[in-house]
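Okay, structure first, notes after.
Letters A, B, ... are given to chains in the order of the sequence lines, protein chains preceding strands, and every chain is numbered from 1.
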Protein chains: 2
Amino acid sequence: MPVSGSLETLKNKGYKVTSQRRAILRVLDGENRRLTAREIHAMMRDIQPRVSLDTIYRNLRLLVGIGILHQISLSSGAVFELNGDIRHHHHHLVCVECEKAVCVSYCPATREYSERAAEEGFTLLGHSFELFGRCADCSKKQN
Amino acid sequence: MPVSGSLETLKNKGYKVTSQRRAILRVLDGENRRLTAREIHAMMRDIQPRVSLDTIYRNLRLLVGIGILHQISLSSGAVFELNGDIRHHHHHLVCVECEKAVCVSYCPATREYSERAAEEGFTLLGHSFELFGRCADCSKKQN
DNA sequence: TTTATAAATAGTAATATTCCTATTTATACA
DNA sequence: TGTATAAATAGGAATATTACTATTTATAAA
């Protein structure tokens with residue numbers, strides 16, 4: 001039950017489970033590709049006709065912050081996908097030329113970081129890790 | 001010679017050394033705090049009166065992409081600082097409530113990642129790593 | 001130095017993202 | 001089940017960021 005797990009997480013961290021948040025997760029769960037905030041907004045209008053863009057952006061930020069979603073920053077804007085136990089947790093290798101994003105299957109957020117965060121008095125909620133580079137095709141073109 | 005080192009890097013990676021890029025680096029080098037794109041733009045007008053915001057944003061993205069700058073994404077917008085050999089290379093622990101950003105002194109981009117990137121045919125240029133959480137003060141407030 | 005060239009820029013239009021505030025709603029608890 | 005309360009939302013205004021294109025400029029090579 002992917003989405004319901006995220007809703008649990010929300011609740012456990014002290015956030016309310018609203019119909020808008022449910023809808024955002026449902027839309028992302030139903031698509032097998034990364035979506036922009038606009039796309040999510042458009043797809044939600046069927047079930048949430050009056051949802052505002054502000055709500056989308058605010059919640060995407062929250063969901064990324066607590067690790068339920070993954071944000072990939074492309075020069076043309078940000079795209080989002082489910083993360084964590086829902087889909088296999090991972091990070092991305094992004095081509096700075098063509099914006100192709102390849103998944104990288106392991107994660108740098110080791111216990112070491114949690115400890116360091118704790119030393120600073122922080123309660124860790126999530127993390128982001130992105131690698132930038134040029135893909136094979138774009139490297140060739142440059143030569 | 002901090003700034004000149006970055007200019008070398010630019011040249012080595014095949015990018016031109018323009019007066020606008022020099023000015024961006026000089027402004028960041030002169031300040032001891034993180035700056036927004038707007039602030040950089042404002043501070044550059046003394047030496048580059050006609051510089052456009054587009055140029056600032058385009059170059060900040062480039063400089064982050066190739067690892068010369070560091071971008072910290074706050075909910076109120078992005079801020080930038082020098083990175084790499086110029087200042088000591090590091091990452092950040094950001095409070096999602098109050099936006100306080102603490103430096104974390106070590107880096108997850110090990111040789112392992114370079115190898116993985118190489119397998120995918122990518123030439124690595126840089127990376128970003130950010131930890132999100134609640135700082136001590138904001139954690140207290142919530143209880 | 002002069003020239004050819006692709007890359008970078010300025011200026012402006014178009015989008016994306018965030019801010020603000022009155023109103024609505026999920027949640028805890030009586 | 002009602003009610004109180006803080007959190008969340010809608011709607012629109014304000015900013016931030018990116019896109020587009022004609023022009024300028026850094027660079028390499030003659």
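The pair B/K100-A/E120 does not count as a salt bridge, with every side-chain nitrogen at least 4.0 angstrom from each carboxylate oxygen. With respect to the salt-bridge test (charged N to carboxylate O, under 4.0 angstrom), the residues B/R116 and B/E119 qualify. With respect to the salt-bridge test (charged N to carboxylate O, under 4.0 angstrom), the residues B/E39 and B/R33 qualify.
A/T55 and A/R58 are linked by a side-chain donor-acceptor pair at a separation below 3.5 angstrom, with hydrogens and angles left out of the test.
Residue A/T36 is out of contact with every strand shown, counting any heavy-atom pair closer than 4.0 Å. In this structure, A/R38 reaches the bases: a heavy-atom distance under 4.0 Å links it to at least one base atom across the strands shown.
Between C/dT12 and B/S52, no contact under 4.0 Å exists linking OP1 or OP2 to a side-chain N or O.
Spacing between atom NZ of B/K16 and atom C1' of D/dA26 amounts to 5 Å, rounded to whole angstrom units. When the P atom of D/dA16 is taken as reference, atom CD1 of B/I40 falls 13 Å away, rounded to whole Å. For the pair A/R21 CZ and D/dT9 C1', the computed distance is 10 Å after rounding to whole Å.
Considering every non-hydrogen atom in both A/E81 and A/L28, the closest pair reads CA-CD2, 4.3 Å.
The overall bend of the helix from C/dT1-D/dA30 to C/dA30-D/dT1, read as the angle between its terminal helix axes built from five base pairs each, is 60° when rounded to 10 degrees.
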